[in-house]
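So that the names make sense, note that chain A is the first sequence line, chain B the second, and so on, each numbered from 1. Every value quoted in this text rests on a predicted model; they were computed, and no experiment measured them.
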Protein chains: 2
Amino acid sequence: MNARRKFRREGEERRRQDLIDATLDSVAEHGLEGATVRTIALRAGVTAGLIRHYFPGKEDLLQEAYAALMSRMTEQAKAALAMEDASPRQRLAAFVTANLNAPIIDQRVFSLWATFIGRAGADPTLARAHREGYLGFRNEVETVVAEVLAAEQRKPDAAELRHHAIAINAIIDGLWIEGCLAGEMFSPGELAAIGIKAVEAELGLAQERGEDQ
Amino acid sequence: MNARRKFRREGEERRRQDLIDATLDSVAEHGLEGATVRTIALRAGVTAGLIRHYFPGKEDLLQEAYAALMSRMTEQAKAALAMEDASPRQRLAAFVTANLNAPIIDQRVFSLWATFIGRAGADPTLARAHREGYLGFRNEVETVVAEVLAAEQRKPDAAELRHHAIAINAIIDGLWIEGCLAGEMFSPGELAAIGIKAVEAELGLAQERGEDQ
DNA sequence: AGGCTATTTATACACTTGCACAACAACGCC
DNA sequence: GGCGTTGTTGTGCAAGTGTATAAATAGCCT
């Protein structure tokens, strides 16, 4: 009767990844409260005890899951800036477009982000992780902005540059949220179009083919 | 030994408010997971059983707490638009300023917002509540934008107006997040100044040369 | 003052939680 | 093939969870 469950031994890295993915899935679906070791283990296709074999405790698993999430998000976002042979302005537009379409616009990722970041006020570790991610992102923006303005023969000072980066960052973040939470209210590409126009207005760039007054 | 704890009978409305406030405090501090009936009751200065006397269950208390939070947030935000005797442009600037300073820029409120909104993907009730709040907010923005542009003798069509409202909403939301999460990185009034400039750029308004703060 | 009643406390209960640990079995190595 | 290592399971446990319910008492009405 007492037939023990069959199992396969997986590589350590694979198991850890599976557990982290299962954690993110659980958090996205039921929130931090619903992400119990048993739920997570079930989703990963193992039993609860195994978690403690790979992580010192549940809290550590959550930490690593959040780190993995952040890393994936920023990685995808920055990838859009990698185009070498484009003009600064094109690269900026591509950056905005990439951030306002799938897979970065995604309800599940947003749920995860919101759930974790909600604890940043109480958890200093989390707060610092966010701070660093945010500054890194803003720095990328500032670099491109500098290039765009340089290509237009404009010499902004540091404060001006910083303000532009903050504003553009806000535009992208704000539209990202709107898209994640109410994506079906926008036609495909609409958010990106709004974002590009707003960013170019912020930088005082002439609209390319403007019928807009 | 078995001295029963002294207590005072409070009015129903008062007790419900206290319990809701205690709930929001608990959620802000320890997240949804840490907001147990006992924690909440302790904070409200009562014992756990009393919660069930005022609310059918814990879930209902959380629902009402979220509703109360949203109501306070939108109420404060809209109040800034109430100035009757100002020009549309001044009212828009005041709106932006109000949304980018205390008490709307507040880490605790942000934590609450993020914690609750993180469950919008899974909880349709929550998602609808947010949707309505968001559309109401955007509508307010759209109305002021229409007035501002009208005062400048411009006649935007509906689509243009909608895009402006979406963009401005994004600017405010994005800067709100930055301010809540990293408020000490900005000097007082800086976010508001950035916001006003970005909004005016989005609308194509000539920058005022002067002492706006 | 003395009851009446609804508010409030206190206790109980079934269930879930994270974690500890012993038994087991999959897989590499000889 | 047998064997040892260790990844994996299953069970147990104390603490904590939401809820149910009985007992107590504060405050109003007369």
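Scored by the side chain to side chain donor-acceptor pair (under 3.5 Å) test, A/D106 finds no partners at all (sequence neighbours excluded).
Residues B/H164 and B/E142 bring no donor and acceptor atom of their side chains to less than 3.5 Å of each other. Side-chain polar atoms of B/T36 and B/T39 form a donor-acceptor pair below 3.5 angstrom.
Residue-level contact check: B/E10 touches the backbone only, with heavy atoms under 4.0 Å from sugar-phosphate atoms and none from bases.
For the segment residues 30-48 of chain A, residues with any heavy atom less than 4.0 angstrom from an atom of DNA chain D are, sorted by number, A/R38, A/V46, A/T47. Near DNA chain D, meaning a heavy atom under 4.0 Å from it, residues 53-68 of chain A has A/H53, A/Y54 in order of number.
Taking atom CD1 on A/I51 and atom C1' on D/dG7, their separation rounds to 15 Å, with Å as the unit. The CZ atom of B/R4 sits 16 Å away from the P atom of C/dT7 (whole-angstrom rounding). Note: NZ (A/K6) to C1' (D/dG7) measures 16 Å, nearest angstrom. Atoms CD (A/E12) and C1' (D/dT8) sit 14 Å apart, rounded to a whole Å. As rounded to whole Å, 6 Å separates atom P of D/dT9 from atom CG of A/L50. For the pair B/D18 CG and C/dT8 P, the computed distance is 10 Å after rounding to whole Å. To the nearest angstrom, C1' of D/dG7 lies 15 Å from CZ of A/R14.
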List the atom pairs, donor and acceptor, that lie under 3.5 Å between side-chain atoms in residues 55-66 of chain A and the rest of the protein, sequence neighbours left out.
from, atom 1, to, atom 2, distance (Å)
A/K58, NZ, A/A35, O, 3.0
A/E59, OE2, A/R119, NH2, 3.2
A/D60, OD1, A/G57, N, 3.4
A/E64, OE1, A/R16, NH1, 3.3

*Test side chain to side chain contact (heavy atoms under 4.5 Å, CB included) applied to B/E147 and B/T143, step by step*: CA-CA 6 Å; B/E147 292 172 16; B/T143 303; 3.6 Å; yes
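We find that B/R14 and B/D21 are not joined by a salt bridge, their nearest charged nitrogen and carboxylate oxygen being 4.0 Å or further apart.
Sorted by first and then second residue, the salt bridge (Lys or Arg N to Asp or Glu O under 4.0 Å) pairs with a member in residues 165-185 of chain B read A/R131-B/E184; sequence neighbours excluded. Contacts classified as ring-ring contact (aromatic ring centres under 6.0 Å, His included) and involving residues 84-108 of chain A (residues at least two apart or in different chains) are given here: A/F95-A/F137.
Between B/R8 and D/dT25 there is no side-chain N or O to OP1 or OP2 distance below 4.0 Å.
Of the options A/I168, A/L175, A/I171, a side chain to side chain contact (heavy atoms under 4.5 Å, CB included) to B/I171 is made by A/I171 and by none of the others.
The side chain of A/F7 lies closest to D/dG7, out of C/dA10, D/dG7, D/dG27. With D/dG10, C/dA10, C/dC27 as the choices, the nucleotide that has an atom nearest any side-chain atom of B/R5 turns out to be C/dA10.
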